[in-house]
Amino acid sequence: MLEGSCHCGAVRLTLPSAPDKATDCNCSLCRRIGGPWVYYEFGTVKIEGHPERTSEYIWGDKTLRTVRCTSCGCVTHWEPLSPTPGAKHGVNLANFNPRLLASVRVRRFDGADTWKFID
Ligand SMILES: [Zn+2]
């Protein structure tokens, strides 16, 4: 359940623990690429096939890269460009067994405007 991958399998992720919540964000990027996102301390998620099989997208205030598989195009995660100790990164829960998503509370986050939860 804690192992997931992009559609073609080139990028594989293993979560360090089961998430208990996820975030559905409506910012200009997330509303296009989806999610929902789960967050872990940067470096604790095992990621294979990255960066060899991935490409990145950096926008806005340029604090993070959004990473996708170069073969199938699925967005797998985002990570900080300049990680500080304890920094978080986000994993796209859509790349995992749907039962994992079904097991968590998904909260709606207004990343487009107020930066607050709107549920
Ligand atoms: Zn892929």
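Indexing begins at 1, ligand by ligand and atom by atom, following the structure's order.
Taking 2.8 Å as the limit, the number of protein N, O or S atoms around the Zn ion (ligand 1) is 4.
Taking 4.0 Å as the cut-off between side-chain N and carboxylate O, Arg107 and Asp119 count as a salt-bridged pair.
Partners of Asp113 by side-chain hydrogen bond (donor to acceptor under 3.5 Å, both in side chains), not counting sequence neighbours: none found. With sequence neighbours left out, Phe96 forms a ring-ring contact (aromatic ring centres under 6.0 Å, His included) with no residue at all.
The hydrophobic cluster around Trp78 extends to Leu29, Ile33, Trp37, Tyr39, Tyr57, Trp59, Leu64, Val75, counting ILVMFWY residues whose side-chain heavy atoms fall within less than 4.5 Å of a member.
In this model, a donor atom of one side chain and an acceptor atom of the other lie less than 3.5 Å apart for His50 and Glu79.
Environment of CD in Glu48: crowded, with over 12 heavy atoms of neighbouring residues, nucleotides or ligands closer than 6.0 Å.
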